[in-house]
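Notes follow the structure.
Naming convention: chains lettered A, B, ... in sequence-line order (proteins, then strands); numbering from 1 in each chain. Quantities reported herein were computed from a predicted structural model and do not represent experimental measurements.
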Protein chains: 2
Amino acid sequence: MLHSEFAHNRPMNTPINGAIPADAAWQRTGKLWSSLKEVCDLLRIPPSAAVIADSDTQFQHVQFKAGQRIHTIGQPFDVLYVVNSGFLKTVMIDVFGNEQILSFPMKGDLFGVDGIHGRRYESEAVALTNCDVILVPFKKFTALGKAHPELEAAIYGVMSRELIREQSMVTMLGSLSAEARVARFLVNLSERFSELGYSGKQFNLRMTRHEIGSYLGLTLETVSRTLSAFNEMGLISVDQRAIDIKDFNALKTLRRLPPSRTRNKEKQALASAAALASQRAVA
Amino acid sequence: MLHSEFAHNRPMNTPINGAIPADAAWQRTGKLWSSLKEVCDLLRIPPSAAVIADSDTQFQHVQFKAGQRIHTIGQPFDVLYVVNSGFLKTVMIDVFGNEQILSFPMKGDLFGVDGIHGRRYESEAVALTNCDVILVPFKKFTALGKAHPELEAAIYGVMSRELIREQSMVTMLGSLSAEARVARFLVNLSERFSELGYSGKQFNLRMTRHEIGSYLGLTLETVSRTLSAFNEMGLISVDQRAIDIKDFNALKTLRRLPPSRTRNKEKQALASAAALASQRAVA
DNA sequence: CGGATGCTTGATTACTATCAAGCTAAGTGG
DNA sequence: CCACTTAGCTTGATAGTAATCAAGCATCCG
């Protein structure tokens with residue numbers, strides 16, 4: 001009970017494991033500063049010897065409670081954010097006022113990059129759970145790039161990675177069915193949890209059906225129905241926010257629910273004709 | 001008329017103007033090298049005095065014929081590309097083999113950025129028309145960034161701009177109807193043409209309906225029907241690839257075709273009931 | 001002048017959104 | 001501690017948008 005975010009997350013992700021200690025009591029004892037090496041590790045940037053040695057450079061942590069806003073659209077940009085713990089969402093709002101969730105950053109993820117171009121954030125970021133976030137002043141970051149050439153390359157690499165992520169979102173929204181999108185969403189979450197050392201099979205969603213729907217370009221009802229369908233098919237078991245993945249591979253390769261639907265034309269035609277006939281009989 | 005692409009494009013964009021000579025002498029007299037300043041201008045990066053003065057740094061041009069591939073997926077990355085003239089498409093292919101068009105680069109656009117992260121291109125780029133493209137070796141580019149700090153900031157800015165572009169694609173695919181997507185596509189093209197000094201009202205599409213559909217997450221039939229609908233509504237006039245925008249503002253604010261569709265429930269209910277009744281009468 | 005591509009249009013299907021209740025879980029205040 | 005409220009989730013019925021299937025037409029090219 002003395003814990004905090006990590007504790008707050010851990011038991012939710014691995015409800016099996018009952019006895020996780022030292023949940024990072026950040027709210028009392030939380031880290032306030034991180035070294036350059038720690039930030040690199042979080043971002044999965046291989047740190048060079050020079051970077052490891054650099055202990056002068058420190059980055060500040062900030063804590064947010066669930067529901068709090070980290071930055072808003074239009075707010076002047078000067079820092080990038082790296083998630084140390086907790087879950088967030090980033091949201092863009094288009095000219096018509098349509099809200100669209102763009103990402104669900106979690107530990108090790110970078111956000112705020114869209115502020116670089118216009119010196120203002122183009123999206124807003126909101127904490128879904130209590131969060132611990134590291135502030136990375138952009139100026140400081142690029143200045144460090146000059147001192148450490150490999151670091152500079154890595155910065156470009158991280159930005160490129162974000163771009164690729166967006167590109168695959170576009171591909172998904174442009175070409176996958178509702179079921180395939182939800183399946184991919186689960187697979188992605190699962191893989192990200194696994195990479196962080198949590199269970200990739202059992203975890204708790206941190207977002208509402210509405211938020212999932214916004215992220216995937218679907219309504220909350222379609223998300224709910226699709227999860228229920230996966231449940232009935234035995235691919236997952238789902239109870240509210242709790243997910244248990246039963247057949248990872250089936251999810252990974254799923255394209256759409258009805259197997260092929262290509263070779264049963266006549267049957268369908270007959271069936272619908274019959275249905276029509278009976279309808280008319282009734283009427 | 002000693003120039004080249006501009007001449008080459010112009011007649012297609014402004015078919016009104018019948019007498020443009022010397023199309024595309026680029027194949028004979030095309031520029032082979034550009035200075036750093038010229039590249040900055042193309043990319044809309046404000047060049048500093050130092051950049052303007054730098055005439056040692058030169059970037060090579062390469063010409064491609066329509067249909068030729070500039071780079072493929074998986075090919076080792078080492079250069080970024082800046083379009084000097086012509087039109088291209090970039091395509092990503094997902095795990096299931098779905099093809100998705102991600103962008104239609106034209107003069108002043110940068111592509112190849114997705115190769116930075118994994119040192120391999122994640123997408124492929126194909127020329128839709130004859131093209132003149134400038135090769136920007138990434139190493140050289142970042143090295144220049146060190147010499148010219150404002151240039152480095154601009155590089156980050158350009159990458160951030162690309163990210164924002166992708167984000168708005170996601171928002172569009174996630175929340176707009178077919179008509180709204182096609183409308184936005186036309187508006188975007190129009191604005192880009194205008195910025196380049198071409199007519200934003202009358203222009204020729206360089207891509208097929210299929211390619212537009214792939215870009216917008218729609219089928220080619222839906223694209224065709226939507227253009228026809230806009231035509232009938234008087235928003236545009238369309239004949240094959242030739243587009244003439246009649247009501248730019250209507251396109252810009254269009255959300256979906258049927259005006260509101262919110263306040264005519266009863267009418268619709270009655271109508272469909274009537275239809276059903278007559279159907280049954282027939283049967 | 002075919003043949004091939006690409007475009008349009010029509011008919012039909014089906015997927016997903018919308019509308020509409022219930023239901024569950026988690027607080028909240030008496 | 002227990003109604004009571006509220007936000008979130010599920011499920012059903014229905015409707016509408018866009019995909020699919022299917023011709024026919026236009027344009028371009030060799």
Backbone N/O of B:L216 and side chain of B:R181: donor-acceptor pair under 3.5 Å: yes
Touch class at under 4.0 angstrom, heavy-atom based, for B:G217 against every strand present: sugar-phosphate
Separation of atom CD1 in B:I212 from atom P in D:dA19, rounded to whole Å: 14 Å
Backbone of B:M106 reached by a side-chain donor or acceptor of B:D109 within 3.5 Å: yes
Non-hydrogen side-chain atoms of A:F230 and A:E179 separated by less than 4.5 Å: yes
Separation of atom CD in B:E211 from atom P in C:dG6, rounded to whole Å: 8 Å
Validation row: B:Y81, B:L88 side chains within 4.5 angstrom (heavy atoms): no
Length of the CG-C1' vector between B:L216 and D:dA19, whole Å: 15 Å
Any donor-acceptor N/O pair, B:D244 side chain to B:I236 backbone, under 3.5 Å: no
Side chain A:E211, main chain A:T208, donor-acceptor under 3.5 Å: yes
Distance in angstrom units between B:L176 CG and C:dA17 P, rounded: 14 Å
Under 4.0 Å protein heavy-atom contact, by nucleotide of nucleotides 4-11 of chain D - B base, S sugar-phosphate only: ----SSBB
